[in-house]
Amino acid sequence: MTRRAFLVLALATTVTGCQSVSEGPPEIRYGRDTCDQCGMVISEARFAVAYGTRRGDIRRFDEIGDMLAFYSVHREDVAIFWVHDYDTGEWLETDRAFFVFSRALQTPMGHGIVAVASREQADRLVGQTAGELLTFAEVLARFAKKR
């Protein structure tokens, strides 16, 4: 490969591989992208989560617990956290989500934390799983205590 061809390829990879935090939630290629915490392949949208840093880095995770574990160690300057609605698979910003914690919830890495878009969904899930309703701030605080 010539030097020029290499530079063109490198530039194309850089341009297509970048995504601005302001563009919204990242694309996750299910079955191909891996979790930044555990390295496992991200395969289920309803558990997949991500965050974007103020520097423009995007981190992808196979579930909320892995995102919190990574964040608690690296303490990056996060601009926005995104989660998927457990029922619909829709992306949500964490400030618009309700979180349910229950050991009865089977999540990819066993943390038992999921997000939903409405209080009604959360209440239903809490009732079905003998779970606990939390805000994202409460989820962050509880996870920080475990570390």
Side-chain angles (χ1 to χ4, degrees), residues 8-147:
V8 168
L9 180 62
L11 179 61
T13 302
T14 301
V15 170
T16 60
C18 294
Q19 178 181 355
S20 169
V21 171
S22 64
E23 292 176 21
E27 175 186 348
I28 295 180
R29 297 169 302 168
Y30 299 101
R32 292 179 53 201
D33 286 344
T34 58
C35 176
D36 283 315
Q37 171 64 17
C38 70
M40 292 184 65
V41 172
I42 302 170
S43 59
E44 294 183 71
R46 69 184 189 163
F47 297 115
V49 296
Y51 71 69
T53 68
R54 296 201 191 286
R55 285 186 19 188
D57 299 317
I58 302 291
R59 307 282 184 233
R60 295 166 179 83
F61 305 92
D62 55 1
E63 72 155 270
I64 295 169
D66 271 11
M67 177 175 70
L68 297 174
F70 187 91
Y71 175 73
S72 70
V73 170
H74 298 279
R75 290 293 183 188
E76 293 179 293
D77 187 13
V78 174
I80 189 164
F81 290 93
W82 293 288
V83 294
H84 274 105
D85 181 290
Y86 178 72
D87 291 330
T88 68
E90 299 283 327
W91 279 113
L92 305 168
E93 293 178 19
T94 54
D95 63 345
R96 296 190 342 219
F98 297 85
F99 295 84
V100 175
F101 167 75
S102 174
R103 291 287 172 210
L105 289 166
Q106 300 296 313
T107 60
M109 299 307 293
H111 293 282
I113 307 165
V114 298
V116 292
S118 74
R119 176 68 187 251
E120 293 76 26
Q121 288 172 280
D123 288 341
R124 178 183 47 77
L125 198 52
V126 164
Q128 291 172 346
T129 64
E132 187 175 357
L133 177 63
L134 302 167
T135 66
F136 189 62
E138 291 169 330
V139 171
L140 282 172
R142 283 191 179 194
F143 205 89
K145 287 181 186 178
K146 290 182 181 180
R147 295 280 167 205

Task: Stepwise side-chain contact (heavy atoms from CB on, under 4.5 Å) check, Y30 with I42 - done: CA-CA 6 Å; Y30 299 101; I42 302 170; 3.9 Å; yes
- [ ] Determine, stepwise, if the pair V100 / F98 fulfils side-chain contact (heavy atoms from CB on, under 4.5 Å).
- [x] CA-CA 7 Å; V100 175; F98 297 85; 5.9 Å; no
To the nearest 0.5 Å, how far apart are [atom1] in [X] and [atom2] in [Y]?
X: I113; Y: L68; atom1: CD1; atom2: CG; answer: 5.5 Å
X: R59; Y: M67; atom1: CZ; atom2: CE; answer: 13.0 Å
X: Y51; Y: I58; atom1: OH; atom2: CD1; answer: 10.5 Å

- [ ] Could you list the residues that satisfy salt bridge (charged side-chain N to carboxylate O under 4.0 Å, His left out) with D95, not counting sequence neighbours?
- [x] none
Heavy-atom pair of closest approach, residues [X] and [Y]:
X: C38; Y: D62; answer: SG-OD2, 3.3 Å
X: M109; Y: D66; answer: CG-OD2, 3.3 Å
X: W82; Y: G52; answer: CZ3-N, 3.8 Å
X: A48; Y: W91; answer: O-CZ3, 4.1 Å

Can you find a pair of side-chain heavy atoms, one from [X] and one from [Y], that are under 4.5 Å apart?
X: E120; Y: R124; value: no
X: D87; Y: V116; value: yes
X: F70; Y: E76; value: yes
X: R60; Y: P26; value: yes
X: V83; Y: F99; value: yes

[X]: what forms a side-chain hydrogen bond (donor to acceptor under 3.5 Å, both in side chains) with it, not counting sequence neighbours?
X: T107; value: E63
X: D33; value: R29
X: R119; value: D123
X: R55; value: D57

Open item on the list: Using the rule given for side-chain contact (heavy atoms from CB on, under 4.5 Å), can you reason through H84 versus V49, listing the C-alpha separation, both sets of side-chain angles and the distance that settles it, and then say yes or no?
Closed with: CA-CA 6 Å; H84 274 105; V49 296; 5.8 Å; no
Which residues share a side-chain contact (heavy atoms from CB on, under 4.5 Å) with [X], sequence neighbours left out:
X: A117; value: D85, L92, Q121
X: A137; value: T135
X: S102; value: A104, L105, T129

TODO: Report the residues that fulfil ring pair (Phe, Tyr, Trp, His ring centres under 6.0 Å) with Y86, sequence neighbours left out, ordered by chain and then residue number.
DONE: F47
Task: ring pair (Phe, Tyr, Trp, His ring centres under 6.0 Å) partners for Y71, two or more places apart - done: F81
Task: Any pair counted as salt bridge (charged side-chain N to carboxylate O under 4.0 Å, His left out), so long as it reaches residues 39-50, sequence neighbours left out - done: none
Task: Pairs flagged by salt bridge (charged side-chain N to carboxylate O under 4.0 Å, His left out) wherever residues 125-140 is involved - sequence neighbours left out - done: E132-R142
- [ ] Show your working on salt bridge (charged side-chain N to carboxylate O under 4.0 Å, His left out) between R54 and D77 and close with a plain yes or no.
- [x] CA-CA 6 Å; R54 296 201 191 286; D77 187 13; 3.3 Å; yes
